[in-house]
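Fair warning: this is a prediction, and the values are worked out from it, not measured in the lab. Basis for what follows: all heavy atoms, side chains included, without hydrogens, waters or symmetry-related copies.
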Amino acid sequence: MTNGYISRPKKEVFVSGVKIFYGSQTGTAKGFATILAEALSSLNLPVAMINLKDYDPDDRLIEEVTSKNVCAFLVATYTDGQPPESAAWFCKWLEEAANDFRFGKTYLKGMRYAVFGLGNSVYLSHFNTVGKNVDKWLWMLGAHRVMTRGEGDGNVVKSKHGSVEADFTAWKTKFISRLQALHKGERKHCGGNCKKGKCESNQRGSEVAEPGSHVQEELPHRDAEDEEPFGSTNEEESDTEDHQSSNPVIDVEDLGKIMDHVKKEKREKEQLEGETSAIRSTVKSEASERRAMITPALREALTKQGYQLIGSHSGVKLCRWTKSMLRGRGGCYKHTFYGIESHRCMETTPSLACANKCVFCWRHHTNPVGTEWRWKMDQPEMILKEAIENHQNMIKQFKGVPGVKEERFEEGMTVKHCALSLVGEPIMYPEINKFLKLLHECKISSFLVTNAQFPAEIRDLKPVTQLYVSVDASTKDSLKKIDRPLFRDFWQRFLDSLKALAAKQQRTVYRLTLVKAWNVDELQAYAELVSLGNPDFIEVKGVTYCGESSASSLTMANVPWHEEVVRFVCELVDLIPDYEVACEHEHSNCLLIAHKKFKIGREWWTWIDYSRFQELIQEYEDSGGSKTFSAKDYMAKTPHWALFGANERGFDPKDTRYQRKNKSKDISGC
């Protein structure tokens, strides 16, 4: 009673708000932060989203000690276990503070936090390193972990809930539930797992704190989850600890009985584990095999990019050059170099997964990654049937489109070539040889591209029309920088793949993608790699800029001019005496270096006699593989307009859009 009025006790505030900190490279963590903020709106709590790039921990992090906020950190792990660029400074500061004695173990005492990390377990040694470190460093500075750390896994095979999105959803649900309890002033019940076996929360249980009980002062107490600096990655709380007797004193006479009982329980436990381990392993294996490579989120992303997805791991897409040639506007560089009819070429892949994350990936890393096949597998007959049907359906959409030539439209409905280079690593598909056989039975030529990380699969590969190996760099350091391979022994795999290529009797190609300021100054090393794999042809192409991507630092400044590609090719040819520059496709910024064995007299024979190839591959199959054939057995003469130095610059004169006036070209030194 004050001056005749009754004053109500002031309601204690247990949670004043939520701050969501995010560090993102590709935008996924930011997207999750937005989803979390929207989900928290129903709690009537102030919510703030903070980009770690704009946050100064040196001045502001200490504020969270007394703010009564709950801080959620959503951080991704980038290349080699490093934080995203936006979170680099925050992580550096936090690490130094955690290991600086001047800050001490109570610097953040009173701060409450939770961490969700984003990573990919394919990179096992660096999986969720940043999330683990942020969790650990905050703990070392005395902050209070309100719940176990969540770990999102981009590897659908290992992901606990099937995808990184599902992992986040599960963590978000538990975070909101925990936040609601904190908001009411509830204390989390201790499961008795503390190192000391006791804590204040164990005695109090999950009682609702009474007003004036100073819960905030007690929150920094190191309870079950705070005893270990790394925290638990298991989202299920353990409650399997044995309950101790209220009387800790044991009679000596009863000790023998107790020990016998303990030994018996141990034997029964071991026997039970032995019986169930095999079953558990089998169930886990079957579950992994049943999991599809294409998750719902991935399906949505790839569909937006124009993919026609097939089954659980394959896809087909209409190439821009297919559309161009339907309109009589010119074919791709394969038309110029090898005589492919671009309007009759189907671009597909039986495996969307890849073992690299190249900086110039034209799909911006939306496809899955992996080092071995662990997904549900579709049959090759179904994949080919649906690939052709989807391709034909996409061709049909051009019927009646202005400029489309009727005869080419009719021809385009019959697939004659298949470029297994859409995306991913087709050679990973376990039934790749059967798929190739089906292609050849349909009289479809095969152009297969591999990223030189699967040497055993290259050795086991049956004959194809033309086999490509991507040689994106010539040294170990530059290959790691450009391709960002998943395998730890990536360099040895790369070299073994080139050696395996050398043993192939059919047409083989090195495909070099030049990235300015990254891999254009390693001519001698490239020449040594040529001698290792002894390819029939070397395609040298300037990198294509596919737009800004948060997953890559590539810009237009990294795209070489055509004159620069020509100069590189001329200098490389000087170092490999068995080769010469044969063809050019200026529009694709691409040149072809060919082995001199394809120069008969003074004429180049880089084109392919596709009918002859089909005859040879049929004889090979009929003989059970005993009747082999070589690259020169199905070569065809290259037309003059396709040659390097020709006025047409690689443009078929039949395609009127690309007809060019005569131009003089300085090809000295080539």
Lys/Arg N to Asp/Glu carboxylate O, R493 vs D489, below 4.0 Å: yes
Under-4.0 Å salt bridge between K92 and E96: yes
Please check if the side chain of [X] supplies one atom and the backbone of [Y] the other of a donor-acceptor pair under 3.5 Å.
| X | Y | result |
| --- | --- | --- |
| S41 | A37 | no |
| S67 | N69 | yes |
| N120 | V122 | yes |
| S163 | A166 | yes |
| K68 | V13 | yes |
| N558 | K516 | yes |
| R145 | A114 | no |

Are [X] and [Y] close enough that some pair of their side-chain heavy atoms sits under 4.5 Å apart?
| X | Y | result |
| --- | --- | --- |
| D80 | R484 | no |
| Q25 | E85 | yes |
| V115 | R149 | yes |
| V156 | W375 | yes |
| Y55 | R60 | yes |
| Y526 | V471 | yes |
| R511 | S470 | yes |
| R299 | T303 | yes |

is_close_aromatic([X], [Y]), centroid dist under 6.0 Å:
| X | Y | value |
| --- | --- | --- |
| H144 | W139 | no |
| F90 | W93 | no |
| F454 | F494 | no |
| F116 | F73 | no |
| Y22 | F32 | no |
| F175 | F168 | no |

If you look at every heavy atom in [X] and [Y], which pair is closest and at what distance?
| X | Y | result |
| --- | --- | --- |
| S474 | W491 | O-CH2, 3.5 Å |
| C91 | V130 | SG-CG1, 4.0 Å |
| V75 | G131 | CG2-CA, 3.7 Å |
| V65 | K109 | CG1-O, 2.8 Å |
| D59 | E63 | O-OE2, 4.1 Å |
| T513 | D472 | OG1-OD1, 4.0 Å |

Rounded to the nearest 0.5 Å, how far apart are [atom1] of [X] and [atom2] of [Y]?
| X | Y | atom1 | atom2 | value |
| --- | --- | --- | --- | --- |
| H126 | T77 | NE2 | OG1 | 10.0 Å |
| L94 | F103 | CG | CZ | 9.5 Å |
| I294 | L309 | CD1 | CG | 4.5 Å |
| M49 | I20 | CE | CD1 | 6.5 Å |
| E522 | L529 | CD | CG | 9.0 Å |
| E151 | S159 | CD | OG | 11.0 Å |

Enclosure of [X] [atom1] (heavy-atom neighbours >12, cutoff 6.0 Å):
| X | atom1 | answer |
| --- | --- | --- |
| K30 | NZ | no |
| D521 | CG | no |
| K541 | NZ | yes |

Among side-chain atoms of [X] and [Y], is any donor-acceptor pair under 3.5 angstrom?
| X | Y | value |
| --- | --- | --- |
| T450 | E425 | yes |
| S177 | Q180 | no |
| T349 | S351 | no |
| S497 | Q453 | no |
| Y113 | D135 | yes |

Verdict with supporting geometry, C71 and R112, side-chain contact (heavy atoms from CB on, under 4.5 Å): CA-CA 6 Å; C71 301; R112 294 177 290 179; over 6 Å; no
Passing candidate, side chain to side chain contact (heavy atoms under 4.5 Å, CB included) with L45, options V70, V15, L40: V15
side-chain contact (heavy atoms from CB on, under 4.5 Å) assessment of K19 paired with E64: CA-CA 10 Å; K19 289 186 177 180; E64 306 308 330; 2.7 Å; yes
Steps toward side-chain contact (heavy atoms from CB on, under 4.5 Å) verdict (F490, D483): CA-CA 10 Å; F490 66 91; D483 279 3; over 6 Å; no
Criterion side-chain contact (heavy atoms from CB on, under 4.5 Å) on R178 and L182, from CA distance to verdict: CA-CA 6 Å; R178 181 74 182 114; L182 290 171; 3.8 Å; yes
